[in-house]
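Structure first, then comments.
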Number of protein chains: 2
Amino acid sequence: MERRAKDERIRQLQQVCRERGLALTAQRRAILRAVLDAQDHPTADRVHATLARRHVRVSRATVYRTLESLARLGLVSKACHPGSAVRYDRRIDRHHHLVCLRCDRVMDFSDERLDALPVPDTRRVGFVVEDLRVQLRGICRECREQEDEK
Amino acid sequence: MERRAKDERIRQLQQVCRERGLALTAQRRAILRAVLDAQDHPTADRVHATLARRHVRVSRATVYRTLESLARLGLVSKACHPGSAVRYDRRIDRHHHLVCLRCDRVMDFSDERLDALPVPDTRRVGFVVEDLRVQLRGICRECREQEDEK
DNA sequence: TTAAGTGCAAAAGCTTTGCGGGTAG
DNA sequence: CTACCCGCAAAGCTTTTGCACTTAA
């Protein structure tokens with residue numbers, strides 16, 4: 001993520017904290033920064049590892065708690081994932097995912113036509129839609145190459 | 001799921017096993033049946049609990065292993081989920097999900113226009129798409145009512 | 001007969017919680 | 001000063017693995 005956008009997000013964090021009377025701690029800033037720097041959809045544990053590599057000492061519990069808060073505040077999002085750990089996503093704008101059915105990897109994918117998709121009516125089930133994402137499910141290049149070898 | 005469709009899926013299991021030289025065990029049939037009976041997207045542990053309630057004794061390890069196989073064989077699918085456990089989905093046809101950003105629940109949603117969505121071109125990233133699903137992200141009725149109380 | 005599948009038990013991986021002490025506002 | 005937050009350590013889920021035994025084909 002570019003410097004600009006990252007700083008902007010940190011500023012959002014400041015603002016949201018002030019609005020809600022939450023404390024803006026060094027840990028929160030560091031954890032948000034680590035997610036923004038990740039290319040993929042890191043787990044809480046990977047965020048913790050990234051911070052450790054940077055010699056930022058934050059306890060695991062705090063990482064778990066903080067990521068949950070950041071997601072609730074809308075400063076990061078949760079990636080829906082076929083795997084067995086919560087994944088966080090620095091992207092909070094509309095975008096889409098390629099989901100590999102072999103290796104369970106999830107990659108970002110952008111497409112204007114998908115972005116323009118009108119939100120269907122879900123009032124009949126009492127659900128209020130805020131955004132949508134399309135999952136394209138299939139087989140990634142690496143998995144196909146592996147299977148071709150056989 | 002209706003009786004018909006369920007029996008059909010069990011028959012698919014038989015056929016796939018025969019084709020690939022896999023053993024068609026009582027456990028596999030029972031585990032598949034349990035997923036087909038679930039209304040939601042059960043975790044492996046919930047499938048295990050369902051079987052226990054039915055006095056079908058299968059070890060946890062077998063449930064985990066078998067669900068993974070069934071998904072790989074295409075007899076069930078994995079539901080992409082924001083939570084911290086793998087979720088299985090009896091539906092293998094095209095359908096969509098409502099994802100609640102408060103409680104992380106995922107509900108099925110059907111919509112013809114979404115079904116008709118053309119699959120975008122992903123060849124440039126070497127990814128072969130087999131199917132797509134749309135996630136409608138928002139707040140479910142229960143969570144909205146809870147927030148209104150405050 | 002035999003390759004594949006199962007159960008068990010232990011280990012590994014992921015997440016939450018309670019509580020005492022620390023700190024931003 | 002005082003909520004709110006953090007670190008720690010323990011407990012609680014979720015999943016995988018190695019191995020000996022069983023079973024479908």
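Every chain is numbered from 1 and lettered A, B, ... according to where its sequence line falls, protein lines coming before strand lines. Just so it is clear, the values below take in all heavy atoms, side chains as well, and ignore hydrogens, waters and symmetry mates.
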Should side-chain heavy atoms under 4.5 Å link Ile, Leu, Val, Met, Phe, Trp and Tyr, which residues sit in the same cluster as B/V99?
B/V106

Quick check on D/dT16: is either OP1 or OP2 less than 4.0 Å from any side-chain nitrogen or oxygen of B/Y64?
no

Would you say the side chains of A/T66 and A/R29 form a donor-acceptor pair under 3.5 Å?
no

Less than 4.5 Å apart, any side-chain heavy atom of A/H81 and any of B/C80?
no

Kindly state each residue pair satisfying ring-ring contact (aromatic ring centres under 6.0 Å, His included) with at least one member in residues 15-40 of chain B, sequence neighbours excluded.
none

Under the side chain to side chain donor-acceptor pair (under 3.5 Å) definition, can you give me all pairs with a residue in residues 10-24 of chain B, not counting sequence neighbours?
B/E8-B/R11, B/Q15-B/E19

Salt bridge (Lys or Arg N to Asp or Glu O under 4.0 Å) contacts in which one or both residues fall within residues 38-58 of chain A, not counting sequence neighbours:
A/D37-A/R54, A/D40-A/R46, A/D45-A/R60

Salt-bridge test for B/R113 and B/D111: reply yes if a basic N is under 4.0 Å from a carboxylate O, no otherwise.
no

State which residues pass side chain to side chain contact (heavy atoms under 4.5 Å, CB included) with B/R105; sequence neighbours excluded, sorted by chain then number.
B/C103, B/M107, B/C140, B/E142

Looking at five pairs on each end of the helix from C/dT1-D/dA25 to C/dG25-D/dC1, what is the angle between the two axes, given to 10 degrees?
50°

What string of B, S and - do you get for nucleotides 5-11 of chain D, 5' to 3', if B is base contact, S is sugar-phosphate-only contact and - is no contact with any protein heavy atom under 4.0 Å?
SSBB---

Give me the other members of the hydrophobic cluster that B/I31 sits in, counting Ile, Leu, Val, Met, Phe, Trp and Tyr linked by side-chain heavy atoms under 4.5 Å, directly or via other members.
B/M1, B/I10, B/L13, B/V16, B/L22, B/L24, B/L32, B/V35, B/L36, B/V47, B/L51, B/V56, B/V58, B/V63, B/L67, B/L70, B/L73, B/L75, B/V76, B/V86, B/Y88

Does a salt bridge link A/D131 with B/R137, judged by any charged N lying under 4.0 Å from a carboxylate O?
no

Check the distance between D/dT14's P and B/L67's CG and give it to me in whole angstrom.
14 Å

In the 5' to 3' direction, the nucleotides of DNA chain C bounding the stretch that comes under 4.0 Å of a heavy atom in chain A are C/dC14 to C/dG25

Applying side-chain hydrogen bond (donor to acceptor under 3.5 Å, both in side chains), name anything that partners B/R102, two or more places apart in sequence or on another chain.
B/E147

Is the shortest side-chain N to carboxylate O distance from B/R91 to B/D89 below 4.0 Å?
no

Quick note, ring-ring contact (aromatic ring centres under 6.0 Å, His included) partners involving residues 92-129 of chain B, not counting sequence neighbours, are B/H41-B/H97, B/H95-B/H97

Listed in order of residue number, which residues of residues 76-87 of chain B have a non-hydrogen atom at under 4.0 Å from DNA chain C?
B/S84

